Trainee: 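Below is the structure I would like to discuss, written out as structure tokens.
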Amino acid sequence: MRILLTNDDGVNATGLKVLEKIARAFSDNVWIVAPTEEQSGAGHSLTLTQPVRLRKLGERRFCVTGTPTDSVMMAIAHIMKDNPPDLVLSGVNRGANLGEDVTYSGTVSAAMEGALAGIPSVALSQSYAREGMGDTVPFAAAEAWAEQVLRPVVETPMEPRTLVNINFPALPADQVKGIRVTQQGLRDYGRLRIVERTDPRGYQYFWFGLGPMLETPSHSTDLEAVSDGYVSVTPLHLDLTHGPSLGRLAELYP
């Protein structure tokens, strides 16, 4: 099995090293094509207004001066075009990708790009307990549970244009309660937080952030599963059409 690894935290991220260990439990044919620098929040964006540069760092190891989507495209259409990957793994992200975060996430978007290319793809993310942890975020839950969670996914055919989004709770490995298959949750938009500051020259600037989770609709979602101490496994698909609205809108255009 040829496995492509990527992420949005950058090619030198701790989570990518963790992912490489996880991938080698399934195959020795592991390729890494990841962004040169952190691209968190890049979503499914492409670099179109400037050149993208590719650098070879070692055997089967490359970095790309662009987004996670750029990296997957470069891997599939250029680096591995004669023998494309059998599996795309994206992560392990430093921080959860739950609920509506999947629309912003470069980690999930890299898996989306793999799914669009017809390749089974999985995004993996590690929650952490508090803000400001930086490079001290522990990946113990992901390291201990990833193979167990991934193996059934890898060994079962996926539906076309789907991917799996896996999130590990912010707990020591021995405190994780198990695995839940969940639906995507949705937080209250009121958690958006904009921090206003002033630079040393007196000019205003802003940081975008997210406040605490305010509410979630049920205990069947990825949000609750991870909060309750479970690994969340969520199938996602790339058809964003809202079926129930098709008939209603059609009636508006006789």
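Everything quoted here is computed from the prediction, not taken from an experiment.
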Trainee: Does the Arg94 side chain pair with the main chain of Val137, one donor and one acceptor, at a distance under 3.5 Å?
Mentor: no

Trainee: Could you check whether any side-chain heavy atom of Gln39 comes within less than 4.5 Å of a side-chain heavy atom of Asp70, counting everything from C-beta outward?
Mentor: no

Trainee: Would you call Val92 and Ile22 a side-chain contact if the rule is heavy atoms closer than 4.5 Å?
Mentor: yes

Trainee: Between Pro85 and Ile3, is any pair of side-chain heavy atoms under 4.5 Å apart?
Mentor: no

Trainee: Judged by atom type as modelled, is there a donor-acceptor pair below 3.5 Å linking the side chain of Asp222 to the main-chain atoms of Gln184?
Mentor: no

Trainee: With hydrophobic residues grouped by side-chain heavy-atom distances under 4.5 Å, do Val102 and Ile166 end up in a single group?
Mentor: no

Trainee: For Thr156 and Pro152, indicate whether the former's side chain and the latter's backbone hold a donor-acceptor pair under 3.5 Å.
Mentor: yes

Trainee: Is it true that, when you exclude Arg24 itself, more than 12 heavy atoms of the residues, nucleotides or ligands shown sit nearer than 6.0 Å to its CZ?
Mentor: yes

Trainee: Tell me whether Val164 shares a hydrophobic cluster with Val18, the cluster being built from Ile, Leu, Val, Met, Phe, Trp, Tyr side chains joined at under 4.5 Å.
Mentor: yes

Trainee: When you measure from the side chain of Ser121 to the backbone of Ile119, do you find a donor-acceptor pair of N or O atoms at a distance under 3.5 Å?
Mentor: yes

Trainee: Applying the side-chain contact (heavy atoms from CB on, under 4.5 Å) test to Phe168, which of Asn93, Leu124, Val176, Val226 qualifies?
Mentor: Leu124

Trainee: Check whether any side-chain heavy atom of Tyr128 sits under 4.5 Å from a side-chain heavy atom of Thr136, and report yes or no.
Mentor: no

Trainee: Taking the side chain as every heavy atom from C-beta outward, state whether Ile32 and Leu57 have any pair of such atoms under 4.5 Å apart.
Mentor: no

Trainee: Quick one: do Trp31 and Leu16 end up in the same hydrophobic cluster if we chain Ile, Leu, Val, Met, Phe, Trp and Tyr together by side-chain heavy atoms under 4.5 Å apart?
Mentor: no

Trainee: Just by distance, do the side chain of Ser127 and the backbone of Ala170 share a donor-acceptor pair under 3.5 Å?
Mentor: no

Trainee: What pair of heavy atoms forms the shortest contact from Ser125 to Asn97, and how long is it?
Mentor: OG-ND2, 2.9 Å

Trainee: Side chain of Asp199, backbone of Arg201: donor and acceptor closer than 3.5 Å?
Mentor: yes

Trainee: Rounded at 0.5 Å granularity, tell me how far CG in Leu116 sits from CG in Leu163.
Mentor: 9.0 Å

Trainee: What's the verdict on side-chain contact (heavy atoms from CB on, under 4.5 Å) for Arg60 and Asn29, showing C-alpha distance, side-chain angles and the deciding distance?
Mentor: CA-CA 9 Å; Arg60 301 177 185 169; Asn29 196 349; 3.5 Å; yes

Trainee: Taking all non-hydrogen atoms of both residues into account, name the closest pair between Asp9 and Ser40 and its distance.
Mentor: OD1-OG, 3.2 Å

Trainee: Does a side-chain heavy-atom distance below 4.5 Å link Leu54 with His78?
Mentor: yes

Trainee: Distance from Ser105 atom OG to Met112 atom CE, nearest 0.5 Å?
Mentor: 8.0 Å

Trainee: Hydrophobic cluster mates of Met73, side-chain heavy atoms under 4.5 angstrom, ILVMFWY only, any path?
Mentor: Leu46, Leu48

Trainee: Looking at Asp8 and Thr107, would you say the former's side chain and the latter's main chain have a donor-acceptor pair under 3.5 Å?
Mentor: yes

Trainee: Is it true that a side-chain atom of Glu113 and a backbone atom of Val72 form a donor plus acceptor pair closer than 3.5 Å?
Mentor: no

Trainee: Please check if atom CD in Glu159 has more than 12 non-hydrogen atoms from other residues, nucleotides or ligands closer than 6.0 Å.
Mentor: no

Trainee: Can you check whether Ser232's main-chain N or O pairs, donor with acceptor, with Thr182's side chain at less than 3.5 Å?
Mentor: no

Trainee: Side-chain heavy atoms under 4.5 angstrom apart, residues restricted to Ile, Leu, Val, Met, Phe, Trp, Tyr: same cluster for Ile179 and Met158?
Mentor: yes

Trainee: With sequence neighbours excluded, tell me which residues meet salt bridge (Lys or Arg N to Asp or Glu O under 4.0 Å) with Glu155.
Mentor: Arg151

Trainee: Are more than 12 heavy atoms, taken from residues, nucleotides or ligands other than Tyr203, located less than 6.0 Å from that residue's OH atom?
Mentor: no

Trainee: Would you say the side-chain atoms of Gln183 pair up with the backbone N or O of Thr234, donor to acceptor, closer than 3.5 Å?
Mentor: no

Trainee: Do Val231 and Gln148 have side-chain heavy atoms sitting under 4.5 Å apart?
Mentor: no

Trainee: Do the non-hydrogen side-chain atoms of Ile194 and Phe208 ever get within less than 4.5 Å of each other?
Mentor: yes

Trainee: Please indicate whether Gln175 has more than 12 foreign heavy atoms, meaning atoms of other residues, nucleotides or ligands, lying under 6.0 Å from its CD.
Mentor: yes

Trainee: With rounding to the nearest 0.5 Å, note down the distance linking CD in Glu37 to OG1 in Thr65.
Mentor: 9.5 Å

Trainee: What closest approach, in Å, do Ile79 and Val33 show between heavy atoms, and which atom pair accounts for it?
Mentor: CD1-CG2, 3.8 Å

